[in-house]
Amino acid sequence: MRNLAKKAVIKLSFFIPLAIIIMTVFSLPLMGIPPLGNLLFPGNGVWKVPGELPAAERLNVPGLRGEVTVIRDDWGIPYIYADYEEDLFFAQGYCHAQDRLFQMDMTRRQVRGMLSEILGEDLLPTDKFMLAIGMEDWAIKTDELLKKMYSNGTLEFFSSFERYVDGINYYIGSHEDVIPLEYHLLGFKPTEWSTIDTLCLVQEMARQMSWNYNDLDRYTALLALNSINNTYYNELYGLTLPYQIPIVPDYGGFPESPMKAAIEVNPSFALKSEIQNFLANVQKIDSEKTLMESQKDQKVGSNNWVVNGTLSSTGAPILCNDMHLGWIMPGVWYEQHLKAEDTGYHVYGFIIPGMPGVAVGHNEKVGWGFTNTGYDVIDWYYYNTDGPNQYIYNGTSTPYTEKTYSINVKNQESVEFTVRHTVHGPVLSDMRDFGLPQSLGNIVLAPKWITNGYFFNILAGNGFDRATNRSDFDEASKYWTLLAQNIVYADVDGNIAIRPTGKVPIRDDSRIPTGHLGNGTIPYNGSNGEGEWIGFIPFEDLPNSLNPEQNYLASANQIVAGPDYNGYFLQNEYADGYRARRINELLMNAADGSISVETMKIIQNDVNSTAARAFIPELIEVINDYYGLTPPTKINNVLTELESWHFVMDKNAAAPTIYRKWRDFFEDFTFNDEKETYGFNTRTRIVVLEYLMKEDESSHWFNNVSTPQNETRDDIMMIALNATINWLESFYGSEDPSTWRWGNIHKVYFTSLTQLDPLSKGPYEADGEGYTINPAGVNIDNMKNIGVARGGASERLILDFSNLNNSLSVIPSGQRGLSNSKHYSDQLEQLFLQGKYHFQYFTNTLYNFPTSSIESQIFFFPIGG
Amino acid sequence: MEIERRTFLISLIIVLCLTMLLTLVPVWQLVIIPGIIAGMLNKSLKYGVLSGCIGVTLSWGIYTLVGVITRNAYTILDQFGALILGEGFGWLILLLIILLASTFGAIGGGIGNGFKALINAYLEKHPYRDSELQYKEN
């Protein structure tokens, strides 16, 4: 007996500790990875991730009025057919959650300061900053206002909006255990969606398009340059930029010469130092660092254009749009077709998942597309402080108003923090230490930003979706308050139009001192009451064009209006204009009746660089002048490559590599010596360099101020060329320029929302550059190594108004945000990277949808149905 | 010997079914239970460990196979492998899952067999309890 018990004890004392050890190991998080036990064991974790959709599914749903059918096509794009519009939006919400729940969740969490709750205290600075800039506050206020309007009977659409949210929550509620992989990896679950969350997404888009520190940046440059010469600032940063072709053609054209007027300004070095400290510190916040880098790379741009029936081969307008944003996996945009029988609501296009309806696309009558206007809608104010609790406003000591927020933090107590506000906005110079307000000396900074106000974009979008003509569309556009966009328009009646639309502030510059540039260009002295916003440009006074004589309209973030627009000040920032030059060139020179959908595909994928065309002939001329007929072998080899090049940024060619690397060196050698010597770091513009090179070759900017000798333009161009050759020989390990393929150095990358490489796509070798119509702008700093573009066209759309079924579209990811789905990256890999598109089955009904293109179906029935 | 083999097969089927059922419960630690039962059903440690090991492995093997075929689960395992180890290690994660199934089944079997031995020892020390029970039943 004793033997038996002894044996049992031996067995148990071996196996039980072993079981405890292994179970403990698999129950604890390791190296930032959640417990492997939860993740890997069948019935849990990775096994509870949504898979592909079944071929047919029936859902009995409480609260539906009628039936809804969702057909998914070959690309997983939902075509939603409903008896009633309210059910249509319910199904749209359901589909968005089904495909993009994690993306929606993370975006709202970012805006609402809820990232620390799931990712821990490292995200506290980001959360605090997002709350401080007031996006959530104004989403909540706007939501309250919309609900009040709805209860007053003045906002019918809100019920559809609420049904959309119901659809999202129905999905979340019915899939509590089956959630995307990212949730398992991060160890949290989705929570209920609200109309406020949707409004937060609008705010986030507005932040990406309009939040910036340009006024502060410009001020440091102005002070630095003015201390040397009072024309220097305008030579580099003065408006208007050279070679601009205005978006709206009805207000004349610009001369090529930029302003060179002197600026008299009394430098405030205390302010300069305060601003520089602020700009350096604010970059410690992840979201701000990312935003600043993306703005430096000029990722935020876009193209849209439209030709009328005279230019098109179909006799009807053709409209194109590709909005340039950061590339993420899944993509920014979600594509769908929506049709309701009761109201005739019938629309196709793109929307940010988490928002109802369609933001960019078309209905049966009209179509539209966006590019960012660059309207100046944020001003920075500085104030003298009067003790820790008051600041001077308009000459009077004024107490700050305060708002306290509470942030939940993972694995620790929630954190409270207080934001002080001036009359203009939150005091962000307090945020430098990411902590509670503290005394920072005698100056504080606060922005006034258009986004801190009621906004009605969701109503405008609803109006666009239902518009039947230009007049309807204009009426809807009046509600487009945030996110000012150049909205290009066309309709089946043959009209084309464009109106840069949005709320643009009018400032009172009567109190600004001599030398202040006014128009919100540099910070205002809030203590003196400078630059108060006294209203907004009336909608009717915004520049616009309807059916212009040139038969086309095009925007690529260039200047909005020509010199004859005398209404109001619009912009402090716009693109260098190379994309606009190329688009205008192609459309302007097109023969009547020559432009087809096929032509538009070619244009959208065009990688001919007008920037290269501006610089390289000048370089070739300088090389020939320098060396005559007998250049050294290395130079001659490079010259051969450049002379045979047609400026197409082909990934397999070597000339684009030489051009791009040389242009970088040329810019650096022209401006960096002054930047280092005079102490400013504001981005210089390539188009200004082009102007100086072509029109002012004796410019002092070409002289290297840190050397005793006087360098000329040609010297700098040749020094840059030699540096380029040395760099490329070293990088490629070859002296033969034909081996210097552009694709080896220029790649594109599509980063997962989680930032995890296995869920990201790329890098892929790519054609183009930041200035081509099909853009892939690389980070200039990274050009010291391999340039990886992380932004470009976030969708491509071609609308054929002679036959809307002939319209095309594509996104640079896939429809579904589930990394195990074939629709996670199918459009990116099979279409986008090859410059291809897919069709839209716009006019097909539930009953004649091509069977071969139906991948899956969901049938929603009312309970009891 | 024959009886022992038959018991082994029966315990294997029980373990297989029970493990399958337990995949419906999101508490992975419960996977030890089928192994323990297997260990208790079999007389020898060898058969107890073996039936736990094979039963749980078979059960998870079937589950993963179905997941891989019907739900594209291998892509996720591959991505997960890439997160921890680098590209192309999905197979290793799959192997890890199978190995863990074997390990937990075997350990469960060992523990179960230990319990069985302990109970047997206890019963041997107190045989009257059996007689009392028999008496009461009669």
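All values reported here derive from a predicted model rather than from experimental measurement. Chain identifiers are assigned alphabetically (A, B, ...) following the order of the sequence lines, protein sequences preceding nucleic acid strands; residue numbering begins at 1 within each chain.
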Checklist entry - Does some side-chain heavy atom of F26(A) sit less than 4.5 Å from a side-chain heavy atom of Q29(B)? => result no

Item to check | Which of L185(A), L12(A), N44(A), V49(A) touches chain B most, by non-hydrogen pairs under 4.5 Å | outcome: L12(A)

Item to check | For chain B, the option from K822(A), K48(A), E52(A), M23(A) that forms the most heavy-atom pairs under 4.5 Å | outcome: M23(A)

Next on the checklist: For residues 101-112 of chain B, give me every residue with a non-hydrogen atom less than 4.5 Å from any non-hydrogen atom of chain A.
Outcome noted: T103(B), F104(B), A106(B), I107(B), G110(B), I111(B)

Checklist entry - Taking C-beta and beyond as the side chain, do V49(B) and F15(A) meet within less than 4.5 Å on heavy atoms? => result yes

Checklist entry - For E192(A), does the CD atom have more than 12 heavy-atom neighbours from other residues, nucleotides or ligands under 6.0 Å away? => result no

Checklist entry - Top residue by heavy-atom pair count (under 4.5 Å) with chain B, among P50(A), G37(A), G51(A), S821(A)? => result G37(A)

Checklist entry - Which residue out of P42(A), P758(A), G43(A) racks up the most heavy-atom pairs below 4.5 Å with chain B? => result P42(A)

Next on the checklist: Testing the basics here: between A19(A) and I32(B), what is the closest heavy-atom pair and its distance to 0.1 Å?
Outcome noted: CB-CD1, 4.2 Å

Checklist entry - Tell me, side chain or backbone of I16(A) under 4.5 Å from chain B's heavy atoms, or both, or neither? => result both

Item to check | Region of L39(A) in contact with chain B, defined by heavy-atom distances below 4.5 Å | outcome: side chain

Next on the checklist: On a heavy-atom basis, which atom in L40(A) and which in I97(B) lie closest, and how many Å separate them?
Outcome noted: O-CD1, 3.7 Å

Checklist outcome for this item: Whatever's closer than 4.5 Å to a heavy atom in chain A on T75(B) counts as side chain

Checklist entry - With a 4.5 Å heavy-atom cut-off, do W47(A) and V66(B) have their side chains touching? => result no

Checklist entry - Could you give the distance from CD (Q79(B)) to CG (L756(A)), rounded to the nearest 0.5 Å? => result 10.0 Å

Checklist entry - Hey, which of L77(B), T19(B), I76(B), V31(B) has the most heavy atom pairs under 4.5 Å with chain A? => result I76(B)

Checklist entry - Is it the case that more than 12 heavy atoms not belonging to K43(B) sit under 6.0 Å from its NZ atom? => result no

Checklist entry - Which atom pair, heavy atoms only, marks the closest approach of A8(A) to G114(B)? => result CB-O, 3.5 Å

Checklist entry - Of the backbone (N, CA, C, O) and the side chain (C-beta and beyond), which part of N113(B) lies under 4.5 Å from a heavy atom of chain A, both, or neither? => result both

Next on the checklist: Does any backbone or side-chain atom of S27(A) lie under 4.5 Å from a heavy atom of chain B? Answer side chain, backbone, both or neither.
Outcome noted: both

Checklist entry - For the atom pair CG (D78(B)) and CG (N820(A)), what is the distance rounded to the nearest 0.5 Å? => result 12.0 Å

Item to check | Region of N38(A) that comes under 4.5 Å of a non-hydrogen atom in chain B | outcome: both

Checklist entry - I119(B) versus chain A, heavy atoms under 4.5 Å apart: side chain, backbone, both or neither? => result neither

Item to check | From L759(A) atom CG to F80(B) atom CZ, the distance as rounded to the nearest 0.5 Å | outcome: 11.0 Å

Checklist entry - Got F41(A) and L22(B) here, is their nearest side-chain heavy-atom distance under 4.5 Å? => result no

